[in-house]
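Worksheet: one structure, shown below.
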Amino acid sequence: MIDYSRLNPEQYKAVMHEEGPLIILAGAGSGKTRVLTHRIAHLIEECDVNPYRILAITFTNKAAKEMRDRVNRLVATGAEDVFISTFHSMCATFLRRDINVLGYEKSFTIYDTDDQKVLIREILKQFQIDTKQTKERVFINAISSAKNELIGPDRFDEDARGDYTLQKIAKVYHEYQKRLKANNALDFDDLLMKTVEMFNTAPDVLEKYRRRFKYIMVDEYQDTNHAQFVLLKQLAEHHTENGVEHNLCVVGDDDQSIYRFRGADIRNILDFENQYPNTTVIKLEQNYRSTGTILDVANNVISNNCMRKEKSMWTENEKGDAVRLLRFSDDRDEAKGIIGDIRKKHEDGASLSDFAILYRTNAQSRLLEEQLVYNGFPYKLVGGVNFYSRMEVKDILSYLKTIENGLDSLAVRRILNVPKRGIGLTTADKVEAFALENQISFFDALCEAEKIPGINSGTAKRINMFTSIIQAIRKDVAGGMSIADLIRFICEKTEYFSYLDDYSDTDDEAFERRSNIEELINKAVTFEEELRLSGSESLPLSSFLQEISLVADIDEMNDAVPGVTLMTLHSAKGLEFPNVYICGMEEDVFPGRTYESDDNDDEEEERRLFYVGITRAMKTLTLTYAKQRMLRGQITFSDRSRFLKEIPTRLLEMDSSTSGHDYISKASRGKRLEFEDYDDSYGESSFKSRRRNSYEDNDYYSAPSSFDDYEAVSSFRKKAPQAAPSKSFGSKDPSSLPYACGDTVRHPKFGDGVVKEIVAGGKDFEVSVDFPGYGIRKLLSSFAPLKKI
DNA sequence: AGTCACGTCGTTTTT
DNA sequence: CGACGTGACT
């Protein structure tokens, strides 16, 4: 029996809704995930629906995992049969089964943005297009948005008539698709577009899914694009003997639509009722997350948008603290101030995991990280350089791809001369030309290297070395080697580690790169274990490659690891934290440059982003800005964000120690701040005194205050996350390790864990450590940056 | 073929 | 400022 007692009347109504289209307009913090999970549970437990016939689509893998866990807790059995997935993974799964109707191999690989860039670059070179005139970005963006609109190269061509630039793009688009197909690869946008295409081409395939999925649920509907809209329309026609029914339930909040830049079409949510007649509309307007004050701020800000469905969020929660607005002289002071503030609260007993610092662009994380490291605070950074796009990881993945699917020329080309084999660019180009001419793949051309004109026997020999390594590995894989062993095998055969040593500038860097490979091996182990447990019959290697090409940064976040969370406002969507800081509240930072046009749409999207940020906060919200900031290498002065003016002053508290003036208490009293009144331009002297004023009175505060100190921090930063290299390298005696069984150790990535077992192997020791939230990890003592604590 | 040094350009945001 | 690509040199 399911417990519905914690649902409010609207939530209950949504949960009980069974047949027919349903749109749930769920404001921030209104418990929409609770509604979705309860609805799934209700269908399974009380309506006797086979879980296998329910499809739930989320925005990220993390959200999907969370949803599955929660459904699991609600229903007795069957939760694992519900198809819970992201749009992209779902499409990849569908395509794996039937993409052959479009003339692709089922073993297709998925190209990430880097691969995309490489391919586009090659094409531009081939066509001798001057990238100074039209930058490659333009091509990538144009192709991507075309695909999101389901416009193929031919349609694009037709539409481009009369426009020189568009025609140029059309030509590139054609070639791009041709090459993708030749490489048996799909890019992210293809996953959606090709699925729609597959359904159009093979109605029987579509019918299979239409019959299967009787109930479809979509989260974050406001961020769907046209392709996703069409895909849903295709899928949601469930045929019964009485005709067609649309058991499509979408959940969204137009105020939280923040992905217009990547094709999200807000009209999908605004027009849903017109698209599906007889739609039931339910609004969830009670907020359970934030204090009254925070919600009040959010409502005030978002009310400045015109393009929105009217709704008003309310809460029964207490009013809580005022929202703080802190001013700093520059970006470094801002970082110091925020971390100092967290430190204060932490010493008063708050857990570091309760804090999140949000910013507009990833570049803003650096100074914050510096301060966190300086203070010795653990932190979790979401975004930035993706783990899977690190050079060494991409290298290994390219080996895996080559072994799995020799058609992916991009992967083959990448590793052809990695580690160095004396096969240069000119040779690779000759091979490519030969492959093109003879209509064979790049790899097959390599196999016939001696036949390629212009390649001497010496070079051909070296090429043969490469191809025979690949073929040797392929043979061993057929013998049923695990992915983890396969990676180790690749590293061994190619002497990859010694290549890394040569390649890296410092020992630290080499160490870091090795650790990343270790980490990849760990991920492979975990993946294969899960795959085995789930009883899936899909091929481990290809599903592994698919899975990792579809992980988002946010998916990698682990809630069990303690620490301050750092991420962009975009990544923060769907999350909540007791204490939230939003930094860089300045014009040209947030909102970012919208100089192109006076387009209100851009401003409104930025405002929604701000709204998303505000509504992440449960207890306290702190907004900060700096008068002066380093922006792409230039010191720039900027004004406060226009959004700050939209917050009534009665809800704000300005820190007088940072402002240096007591403007607020006098100026406020119910009316809005007129920021122009406070011209806070100040000279060097006040800059210094402010600096002193801010935090020096805190006797525990010891962040660097001079440039020299800062230099010390930088070098410290480099070393801090890593433990001293193990002195036991080469030794066989476990007691020479700085830790032993039962000790608690710290890992920069996994946090704290307990050493379970130490086994001597090869040159060093394999240490098993139980990290809460990650499970037991096997690490090599000479690689793993473990530190006893 | 591989290395080094210089120039350029750039920043949203992400599946 | 720093990453990255191009070009000249060994």
Side-chain angles (χ1 to χ4, degrees), chain A residues 57-64 85-92 110-114 116-118 121 125 131-132 135-137 140-141 144 147-148 186-193 220 223-225 227-228 257-264 331 358-367 382-386 388-389 391 417-428 456 458-459 462 502-503 505 546-555 567-573 584 588-596 602 605-606 608-610 612-613 629-636 714:
Chain A
I57 303 174
T58 59
F59 197 66
T60 62
N61 295 300
K62 184 170 187 278
S85 168
T86 64
F87 267 107
H88 292 269
S89 321
M90 175 185 79
C91 289
I110 299 168
Y111 276 5
D112 64 19
T113 29
D114 283 338
Q116 214 176 15
K117 222 191 273 169
V118 172
R121 214 170 273 164
K125 212 164 77 192
T131 50
K132 293 231 162 73
K135 290 188 216 78
E136 64 188 27
R137 261 213 101 67
I140 291 174
N141 287 340
S144 175
K147 288 182 177 180
N148 287 331
L186 302 180
D187 67 15
F188 286 136
D189 303 309
D190 276 341
L191 290 173
L192 302 170
M193 188 171 76
E220 309 283 9
D223 286 320
T224 52
N225 59 34
Q228 290 161 330
S257 161
I258 53 174
Y259 285 103
R260 203 170 60 108
F261 72 91
R262 90 175 187 215
D331 43 357
L358 310 180
Y359 36 79
R360 181 64 234 273
T361 61
N362 278 309
Q364 289 169 262
S365 69
R366 268 192 52 195
L367 290 171
V382 178
V385 256
N386 189 303
Y388 296 107
S389 44
M391 176 207 93
N417 199 28
V418 172
K420 302 256 178 297
R421 297 187 179 88
I423 307 170
L425 225 66
T426 36
T427 308
N456 62 41
T459 314
R462 289 196 288 272
D502 295 345
Y503 183 89
D505 292 331
Q546 166 169 326
E547 165 138 328
I548 59 184
S549 54
L550 293 176
V551 294
D553 294 323
I554 193 75
D555 300 330
M567 64 182 145
T568 62
L569 288 148
H570 281 87
S571 297
K573 192 176 69 163
D588 284 357
V589 177
F590 189 28
R593 15 176 150 284
T594 49
Y595 55 82
E596 278 292 11
D602 287 339
E605 173 127 331
E606 294 281 309
R608 288 193 292 269
L609 192 55
F610 187 32
V612 166
R629 167 180 311 268
M630 192 73 103
L631 233 49
R632 31 173 197 262
Q634 290 243 305
I635 292 173
T636 44
S714 306

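Just so it is clear, the values below take in all heavy atoms, side chains as well, and ignore hydrogens, waters and symmetry mates. Below, chains carry the letters A, B, ... as their sequence lines are ordered, and counting in each starts from 1.
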- Item | Under 4.0 angstrom between Arg137(A) side-chain N/O and dG10(B) OP1 or OP2 | no
- Has Ser571(A) got a side-chain N or O lying under 4.0 Å from the OP1 or OP2 atom of dT14(B)? yes
- Does Thr568(A) place a side-chain N or O at less than 4.0 Å from the phosphate oxygens OP1/OP2 of dT14(B)? yes
- Between Arg421(A) and Ile554(A), who's closer to the 5' end of DNA chain B by nearest nucleotide? Arg421(A)
- Atom pair distance, as rounded to whole Å: CD in Gln116(A) and P in dT15(B): 14 Å
- Message: Tell me whether the side-chain N/O atoms of Asn386(A) come closer than 4.0 Å to OP1 or OP2 in dT15(B).
- Response: no
- Determine whether the side chains of Asn141(A) and Ser144(A) contain a donor N or O and an acceptor N or O closer than 3.5 Å. no
- Query: Considering only side-chain heavy atoms of Thr361(A), which listed nucleotide, dC1(C), dG5(C), dT11(B), is closest?
  - Reply: dT11(B)
- Task: Select base, sugar-phosphate, or nothing to describe what Arg608(A) touches, counting heavy atoms under 4.0 Å on all strands.
- Result: nothing
- Message: On a heavy-atom basis, which atom in Val551(A) and which in Asn61(A) lie closest, and how many Å separate them?
- Response: CA-ND2, 3.8 Å
- Message: Nearest to the side chain of Asn362(A), heavy atoms from C-beta on, is which of dG2(B), dT14(B), dT15(B)?
- Response: dT14(B)
- Item | Parallel, tilted or perpendicular, as decided by the 30° and 60° cut-offs, for the rings of Phe610(A) and Phe590(A) | perpendicular
- Query: Once you round it to whole Å, what is the distance between P of dG5(C) and NZ of Lys125(A)?
  - Reply: 12 Å
- Query: Is Asp223(A) salt-bridged to Arg262(A), going by a charged N under 4.0 Å from an acidic O?
  - Reply: no
- Task: Determine: side-chain N/O of Thr427(A) to OP1/OP2 of dA1(B), distance under 4.0 Å, yes or no.
- Result: yes
- Task: Taking only the side-chain heavy atoms of His570(A) (C-beta and beyond), determine which of dT14(B), dT11(B), dT15(B) contains the nearest atom.
- Result: dT14(B)
- Using heavy atoms to find the nearest nucleotide of DNA chain B for Thr459(A) and Asp189(A) separately, return the residue whose nucleotide is more 5′. Thr459(A)
- Message: dG10(B), OP1 or OP2 - any side-chain N/O from Lys135(A) closer than 4.0 Å?
- Response: yes
- Task: Between dT15(B), dG2(C), dT3(B), spot the one nearest the side chain of Lys420(A), thanks.
- Result: dT3(B)
- Query: How long is the line joining CD1 of Ile140(A) and P of dG10(B), in whole Å?
  - Reply: 13 Å
- Query: Within the pair Thr426(A) and dA1(B), is there a side-chain N or O less than 4.0 Å away from OP1 or OP2?
  - Reply: yes
- For the residue pair Phe261(A) and His570(A), is the inter-centroid distance of their aromatic rings smaller than 6.0 Å? yes
- Task: Would you classify Asn417(A) as touching base, sugar-phosphate or nothing, given that sugar-phosphate means primed atoms plus P, OP1 and OP2, and contacts are heavy atoms under 4.0 Å?
- Result: sugar-phosphate
- Task: Mark this stacking check for Phe261(A) against dT13(B) as yes or no, applying ring centres under 5.5 Å and ring planes under 30°.
- Result: yes
- Message: Over all strands shown, is Tyr259(A) touching base, sugar-phosphate only, or nothing at heavy-atom distances under 4.0 angstrom?
- Response: sugar-phosphate
